[in-house]
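These notes concern the structure reproduced below.
Quantities reported herein were computed from a predicted structural model and do not represent experimental measurements. Along the sequence shown, residues are numbered consecutively beginning with 1.
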Amino acid sequence: MQLNERKISRRGLISAASVLLAAPYIIRADRAFAQGGEISFVTWGGAYKEAVQKAVIEPFTAETGIKVNVIDTPDLAKVKAQVTSGNVDWDVFDAPSALGASGSKEGYWEPLDPALFDADDLALPADRDRVPFYTFAGGIAWDPAKFPEGKHPTTFAEYFDYKKFPGRRTFRDRPSETLEAALLADGVSPSELYPLDVDRAFKKLDTIKPYVASWVAATPQTVTLLQTGEVDFSYTYSARVKATQASDKTLSFSFAEALIGTEYLAVVKGAPHKENAFKFVSYALRPEAQAPLMEQLGYNPNSKKSLRMLSDSARKWLPDSNNPRNVILNDNWWADNFETISRRFKEWILT
């Protein structure tokens, strides 16, 4: 009996020792888990998503242990549904100009602590609840193999001229950028564009509507429809065209006239992983994240330091800030008007 008791005690000691020896590994694993977790990031697909994945998401996860679940195609209507119902699934939202500003006006974003960012390094300052990620250029693209010089539109007036440049077009499925393009095509000066003459813009859009083959929601389609020959000309973005340079379906982009917008990052109100979301947004504005991302995209980074890191080949894709034909999208105007005009726009598409 005493022998058994000694054996049991010995086994207990061995077991206890094993637990103690393993404890540092358990503690380390717990700490790693505590530093990890996850977020959902609603962003744009295709080559853009691949660039963000490589330049921002992968190094962020390596540093923090936080897994980033990517969801394609930001949709402000879905944000509204989640926030108003209190059933929020999304964390970080990748918002172009009007969507970011309108979401702020409607109270869809969490406040951002200024300490998340190096204010001195931001070319455009962080707002109360959203931070500029970069600035982009929207304009006209075509397949140069099908449409050589002189056979394709380069300005919005030419894009709307279906007699001189016959063919199928695309536009985005939202009024922002589309209404600006229509008014520029109708002869409105860039300096006199805002406040937008909405009725005039819709009247001009009536003239091109029969020739719009696709009202695009998912941004990659603005280039894939060109590459597959389903459309002849497309409203798209310089980064999307830049990405085609490495493919066998190279496209061209016109910098003769462009819409310059600000892309924002915002944390959705009531986000389920709010603290991790703040960490991600903060990381995405660091120079070491911005530089490799904008090197791939050819957009203007919001980090001043990262702009100096860009190669000459990336810089040639940046729009000319001195071009008087370019338009800076007015986010404040869209903040007040996006939701109302969006309803009218969607009804107009369907009629």
Side-chain angles (χ1 to χ4, degrees), residues 74-77 95-106 135-141 153-217 219 221-222 231-238 253-263 319 323-351:
D75 185 332
L76 199 61
S97 294
L99 276 69
S102 180
S104 179
K105 175 83 172 183
E106 299 299 325
T135 54
F136 61 84
I140 299 161
T154 60
T155 66
F156 292 115
E158 292 176 344
Y159 196 69
F160 276 71
D161 190 344
Y162 53 86
K163 292 181 180 178
K164 184 176 181 181
F165 300 104
R168 299 152 297 175
R169 272 86 162 148
T170 73
F171 266 119
R172 300 311 304 265
D173 68 340
R174 59 176 183 258
S176 54
E177 301 170 51
T178 308
L179 266 62
E180 281 91 345
L183 290 170
L184 291 171
D186 205 38
V188 178
S189 168
S191 62
E192 299 175 353
L193 201 60
Y194 297 97
L196 298 184
D197 186 334
V198 176
D199 290 337
R200 180 176 175 178
F202 274 101
K203 186 176 180 180
K204 185 64 175 178
L205 284 170
D206 284 336
T207 67
I208 200 69
K209 188 178 182 181
Y211 307 95
V212 178
S214 181
W215 300 94
V216 179
T219 311
Q221 291 183 3
T222 60
V231 299
D232 301 295
F233 313 115
S234 184
Y235 176 81
T236 187
Y237 305 93
S238 57
F253 181 86
S254 173
F255 282 105
E257 187 174 54
L259 301 179
I260 312 301
T262 302
E263 193 78 9
N323 183 353
R325 303 191 68 150
N326 289 343
V327 170
I328 306 296
L329 298 175
N330 189 323
D331 295 348
N332 291 330
W333 190 88
W334 278 112
D336 294 331
N337 296 281
F338 184 76
E339 188 166 357
T340 300
I341 297 176
S342 289
R343 287 196 294 269
R344 177 177 174 180
F345 186 74
K346 291 185 184 301
E347 290 171 1
W348 173 82
I349 287 178
L350 295 173
T351 57

Are Trp348 and Lys209 close enough that some pair of their side-chain heavy atoms sits under 4.5 Å apart?
-> yes
Looking at [X] and [Y], what are the two nearest heavy atoms and their distance?
| X | Y | result |
| --- | --- | --- |
| Phe253 | Tyr237 | CE1-C, 3.8 Å |
| Glu180 | Tyr194 | OE2-OH, 2.6 Å |
| Trp334 | Ser176 | CZ2-CA, 3.3 Å |
| Thr207 | Tyr162 | O-CE2, 3.4 Å |
| Ile341 | Leu179 | CG2-CD2, 4.0 Å |
| Asp331 | Ala101 | O-CB, 3.2 Å |

Establish, for the pair Lys346 and Trp215, whether the NZ or CZ atom is under 6.0 angstrom from the six-membered ring centre and no further than 45 degrees off its axis.
-> no
Only one of Phe165, Tyr211, Phe171 forms a ring pair (Phe, Tyr, Trp, His ring centres under 6.0 Å) with Phe160, so which one is it?
-> Phe171
Which distance, rounded to the nearest 0.5 Å, do you find between the CG of Asp186 and the NZ of Lys203?
-> 8.5 Å
Which atom pairs, donor and acceptor, lie under 3.5 Å between side-chain atoms of residues 254-262 and protein residues at least two apart or in another chain?
| from | atom 1 | to | atom 2 | distance (Å) |
| --- | --- | --- | --- | --- |
| Ser254 | OG | Thr154 | O | 2.7 |
| Ser254 | OG | Ala256 | N | 3.2 |
| Glu257 | OE1 | Phe156 | N | 2.8 |

The salt bridge (Lys or Arg N to Asp or Glu O under 4.0 Å) partners of Arg169 (sequence neighbours excluded) come to none
